[in-house]
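Beneath this line is the structure, given in C-alpha cells, with notes to follow.
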Amino acid sequence: MTLEILFLARALLAQGSPPPNQLTLEEQKAGWRLLFDGKTTGGWRGFKKTDFPADKWAVRDGCLAKTATGTGDSHGGGDIVTLDTFSDFDLRFEWRIAPGANSGVKYFVTEERADPIAHEYQALDDGRHPDARVGPHRQTAAFYDVLPSAADKPLRPVGEWNQSRILVKGNHVEHWLNARKVLEYELGSPELKAAIARSKFKDVAGFGTRIKGHILLQDHGDEVCYRSLKILSPPR
C-alpha cells in the first residue's frame with residue numbers, strides 16, 4: 001500500500017498538481033521559484049521597512065495570512081513586499097478571503113512613491129464589500145479602479161481557494177482567474193491612458209507605465225490568506 005501511495009503521489013506531481021507551496025519538477029527546470037515556502041516569511045518585508053510586520057501577518061496552516069484588524073486600508077503600514085524586484089514576469093498565486101473582506105496583489109511597486117500606489121489585481125468579496133458596488137472596475141481580478149475583469153469570471157465562493165495569475169510580457173499585461181483569462185491591456189495604449197484619466201490615479205506620475213518593482217500583498221484590515229506564490233521571471 002505504501003508503494004501504491006508513493007506512485008500515486010508521483011503521478012499527481014507529473015500531472016502538474018503539486019501540494020501547496022511546492023513546484024513540480026517541470027516548473028523547477030523551467031526556472032520557476034517560490035515567493036513563499038509555506039513555513040517562513042523569508043523573502044518578504046514591510047513596505048518601506050527593513051523588517052516583517054509580524055503583528056499583522058503570520059504563517060498559518062501553510063498560508064501567508066493577514067490578521068483581521070478592522071482598520072481598513074493601512075496605506076502601506078501593513079503591506080508586505082518581495083525583497084526582489086521584477087519587470088517581465090508570470091506570477092501565480094492562490095488566495096482565500098474572509099466574508100466581506102478586501103485585499104489585493106500589487107505589481108510595479110516602487111518605494112520612491114510616498115504610498116504603495118501601483119497596479120493592483122483586486123481580491124474582494126464581490127457580494128459583500130462596498131467597493132464591489134462602486135463598479136466592476138473595483139471587483140475581483142480587476143485592474144483596481146482602472147479596468148474591469150470579465151463579467152462572467154469564474155470566481156469561487158468566499159471561503160474557497162481561488163487561483164490567480166498576473167502575466168507581464170513587454171507592454172502586454174494579463175489577469176487570470178481560475179484558469180481563465182479575464183482581463184488584458186497594453187501599457188501606454190490610448191485605451192489604458194483614457195481609463196487611467198477616469199480613475200483615482202489620474203494625477204500619479206508614471207502610473208500606467210512598466211516599472212521594475214516589487215510584488216506587494218495588501219493590508220486592507222481584513223483577513224485574507226495567500227499560498228503557492230510562485231514566479232517565472234527572466235534573469236536580471
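Not measured: the values here are computed from a predicted model. Below, all heavy atoms of this structure are taken into account, side chains as well, without hydrogens, waters or symmetry copies. For this chain, numbers begin at 1 and follow the sequence in order.
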Task: Worked verdict on Leu177 versus Thr140 for side-chain contact (heavy atoms from CB on, under 4.5 Å) - done: CA-CA 9 Å; Leu177 179 65; Thr140 292; 4.3 Å; yes

Open item on the list: So, taking the atom named CZ in Phe207 and the one named OG1 in Thr209, what distance separates them when rounded to the nearest 0.5 Å?
Closed with: 9.5 Å

- [ ] Report yes if the side chains of Val105 and Glu120 come closer than 4.5 Å at any heavy-atom pair, otherwise no.
- [x] no

- [ ] Say whether Ser103 and Tyr226, considering side chains only, have a donor N or O and an acceptor N or O under 3.5 Å apart.
- [x] yes

Open item on the list: Both conditions, 6.0 Å and 45 degrees, for the charged tip of Arg227 above the ring of Trp95: are they met here?
Closed with: no

Task: Salt-bridge criterion met for Asp90 and Arg92 (N-O under 4.0 Å) - done: yes

- [ ] Answer yes if the side chains of His172 and Glu174 hold a donor-acceptor pair under 3.5 Å, and no otherwise.
- [x] yes

Open item on the list: So that I know where these two stand, are His119 and Phe143 an aromatic pair - ring centroids less than 6.0 Å apart?
Closed with: yes

Task: Any residue meeting side-chain contact (heavy atoms from CB on, under 4.5 Å) with Val59, in chain and number order, not counting sequence neighbours - done: Phe36, Thr41, Leu64

Open item on the list: Can you tell me how the ring of His175 sits relative to the ring of Tyr121, calling it parallel under 30°, perpendicular over 60° and tilted otherwise?
Closed with: tilted

Open item on the list: What I want to find out is whether Arg45 reaches Glu111 closely enough, with some N-O distance under 4.0 Å, to be called a salt bridge.
Closed with: yes

TODO: Scan side-chain atoms only and decide if Asp222 and Asn102 contain a donor-acceptor pair under the 3.5 Å cut-off.
DONE: no

Open item on the list: Salt bridge or not between Asp84 and Arg33? Use side-chain N to carboxylate O under 4.0 Å.
Closed with: yes

TODO: Could I get the full list of side-chain contact (heavy atoms from CB on, under 4.5 Å) partners for Thr40, not counting sequence neighbours?
DONE: Asp37

Open item on the list: Looking at Asp145 and Lys200, is there a salt bridge between them, counting it only when a charged N and a carboxylate O are closer than 4.0 Å?
Closed with: no

Open item on the list: Can you confirm whether Phe47 sits close enough to Asp219 that some side-chain heavy atom of one is under 4.5 Å from a side-chain heavy atom of the other?
Closed with: no

- [ ] Determine, for Arg96 against Glu160, whether the closest basic-nitrogen to carboxylate-oxygen distance falls under 4.0 angstrom.
- [x] no

Open item on the list: Can you give me the closest heavy-atom contact between His214 and Leu83, atom names plus distance?
Closed with: CE1-O, 3.7 Å

Open item on the list: Counting neighbours of CG on Asp61 that are heavy atoms of other residues, nucleotides or ligands and sit closer than 6.0 Å, is the number greater than 12?
Closed with: no

